[in-house]
Amino acid sequence: MPGAMTESEIVAPGPAAAQVVERAEVEEIDLVRFLYADHGGVIRGKATSRSRLAERMVTGIGHTVAMMAMPMLDQLQPVEGMGPVGEIRLVPDPATYVSLPYAHGSGAMVANMVRLDGKPWEACPRAFLSQAAAELAAEGYVLVAAYEPEFTLGRRTPDPQGGPDRLVPVDDSLCYSATGFHLVHDFTIDLVRALEAQGLHVEHYYPELGHGQQELTIRHAPALRAADNHLTYRETVRGVAFRYGLWASLAPKPIPDQAGNGAHLHASLWEAGPDGKPGGRNVLHDPNDAYGLSETGYHFLAGVLAHLPGLLALTCGSVNSFRRLAPQMWASAYTCYGMDNREAAIRICSPMWSDVAGSTNLELKPSDSSANPYLALGAYIHAGLDGIRRRLDPGEPVNIDPATLSDDDRAARGIRRFPTTLEAALDALESDELLMEALGPLRRRAYIAVKRAEAAGFAGRDAAFESFHHFTKY
Ligand code: GLU
Ligand code: MG
């Protein structure tokens with residue numbers, strides 16, 4: 001076979017991989033998971049044993065191409081190029097290795113999807129984000145991001161009426177209440193320790209508004225690492241909860257009459273340093289602007305707002321997402337931005353006193369943990385970059401709750417209500433040429449087929465069915 005690797009090349013991992021193998025030996029890790037996020041936003045993967053790790057880090061683990069045509073209801077969709085014939089390899093990135101504090105003897109890495117010729121597969125979500133980051137870097141910028149995830153801690157409980165299992169929250173503590181801290185203390189400390197042990201630095205924690213709802217945020221990082229961190233975070237929250245016999249759900253609305261779970265996306269934009277890492281200056285900051293935001297920052301956010309209806313199909317990717325995105329829920333429902341406005345789609349965040357320039361950032365509210373974080377962040381970069389390239393103007397900020405404006409006032413200010421269903425967001429995505437082009441033929445074909453199947457799978461079903469299938473997956 002021309003160009004094939006020799007056996008000695010196959011079994012010789014690079015230095016980063018060799019370090020992972022050594023760590024697995026020292027820590028007596030028996031199984032290492034190679035994980036990815038699929039088009040349904042579900043985290044899946046395969047694992048290899050320690051004795052096979054060195055080789056598998058080079059060759060990857062074989063995987064059917066069809067899994068990226070699999071919705072979150074596990075009903076495989078017919079997608080051209082993702083049938084029963086064909087193979088990719090799950091090749092892990094050694095830089096993402098973590099020993100799992102909540103699963104003894106196990107480690108995990110995030111995997112890239114690689115074609116048999118060694119090139120990135122056209123439907124690999126991580127490659128999509130890497131390519132978006134590279135396009136941004138070609139313009140001289142690095143996006144630094146942090147998710148602000150919320151989740152509901154509860155128990156999976158049979159429905160007395162014989163319906164689907166429900167998520168019953170662990171407590172009914174008040175928003176930010178000190179009692180809420182007490183009630184879930186043991187779980188929270190284990191969670192913080194587990195995250196820190198995996199190199200995810202905890203920024204904040206507090207009991208949130210909804211019953212059993214928690215918010216715990218992780219320090220920012222360059223985009224690819226931020227998405228990897230979010231995958232690790234989702235795994236850790238659930239893994240630690242399972243050890244307590246609990247279910248933690250990051251689904252956008254796991255309990256219909258309780259506050260939704262957002263995963264607001266905070267981002268700043270840095271001059272790229274010579275090594276491709278964030279350089280010296282956050283280009284979002286301008287001390288002379290009334291809101292501290294630079295011209296580049298306004299262009300970036302204008303790009304995001306312009307693409308938001310379609311972008312939502314990627315940042316709020318599930319049927320359940322649209323139950324959360326309602327006016328006056330602090331989750332956002334309108335395409336507008338404002339200074340510290342928690343009802344606006346984009347909030348210009350007031351900076352920290354300790355580092356005004358560095359901490360200037362934009363917060364995207366319509367973002368949740370049922371999305372594939374690689375696709376969401378990659379598409380967000382494309383949208384913002386489009387705003388910079390076309391020097392888009394976002395208009396005036398909205399510094400009141402947009403729901404309190406009349407329809408005419410909103411129309412006059414160019415404020416649009418978001419699509420209110422996944423179907424409608426997918427229609428907007430399909431008519432968004434920039435995002436469709438960025439996704440590329442195979443990925444967009446598969447993503448849209450998967451998401452249309454999910455919309456169809458919940459059509460005509462009740463909220464209990466929807467809740468069950470979302471809180472058990474996300
Ligand atoms: N839970 C709200 C959401 O769904 C966010 C509340 C807040 O942190 O401001 O996005
Ligand atoms: Mg919150």
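Counting begins at 1 with the first residue of the sequence. We count ligands from 1, going down the list as the structure has it; atoms in each ligand are counted the same way.
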Review point. Name of the Glu150 N, O or S atom nearest the Mg ion (ligand 2)?
Key: OE2

Review point. Strictly under 6.0 Å, is that where the ring centroids of His382 and Phe128 end up?
Key: yes

**Study point:** Ring centre gap for Tyr374 and His230 strictly below 6.0 Å
**Key:** no

**Study point:** Sub-4.0 Å atoms of ligand 1 with respect to non-hydrogen atoms of Glu215
**Key:** 8 (O)

Study note, to complete from the structure: Min over Glu150, Gln258, Glu363, Glu208 of heavy-atom distance to atom 2 (C) of ligand 1 lands on Glu150

Check your understanding: Near the Mg ion (ligand 2), is there an N/O/S atom from Glu215 that is less than 2.8 Å away?
Key -> yes

**Study point:** Distance filter under 4.0 Å to Trp330 heavy atoms, resulting ligand 1 atoms
**Key:** 2 (C), 3 (C), 5 (C), 9 (O), 10 (O)

Point to revise | Main-chain N/O of Cys316 paired to Asp368 side chain as donor or acceptor, under 3.5 Å | key: no

Review point. Cation-pi between Lys473 and Phe468: NZ/CZ under 6.0 Å from ring centre and within 45° of the ring axis?
Key: yes

Check your understanding: Under 4.0 Å from ligand 1, counting heavy atoms only, is it the side chain of Ala259, its backbone, both or neither?
Key -> neither

Could you go through residues 178-190 and list every donor-acceptor pair under 3.5 Å that involves a side-chain atom there, pairing it with any protein atom two or more places apart or in another chain?
| unit_1 | atom_1 | unit_2 | atom_2 | d |
| --- | --- | --- | --- | --- |
| Thr188 | OG1 | Val184 | O | 2.7 |
| Asp190 | OD2 | Tyr244 | OH | 2.6 |

Study note, to complete from the structure: Taking only non-hydrogen atoms of His264 and a 4.0 Å limit, the atoms of ligand 1 in range are 3 (C), 5 (C), 7 (C), 8 (O), 10 (O)

Point to revise | Nearest-neighbour protein heavy atom for atom 4 (O) of ligand 1, which is reported as residue plus atom name and distance | key: Arg324 NE, 2.7 Å

**Study point:** Ionic contact status for Arg342 with Asp401, cut-off 4.0 Å
**Key:** no

Practice item. Report yes if Asn261 has an N/O atom closer than 3.5 Å to an N/O atom of ligand 1; otherwise report no. Key: no

Exercise for review: With the Mg ion (ligand 2) as the reference point, give the N/O/S atom of Glu208 that is nearest.
Suggested key: OE2

Check your understanding: If we ignore angles and hydrogens, is there a donor and acceptor under 3.5 Å between the side chains of Ser249 and Trp247?
Key -> no

**Study point:** Distance under 6.0 Å and angle within 45° of ring axis: Arg461 vs Phe465
**Key:** yes

Review point. Counting both backbone and side chain atoms, is some N or O of Met329 under 3.5 Å from an N or O of ligand 1?
Key: no

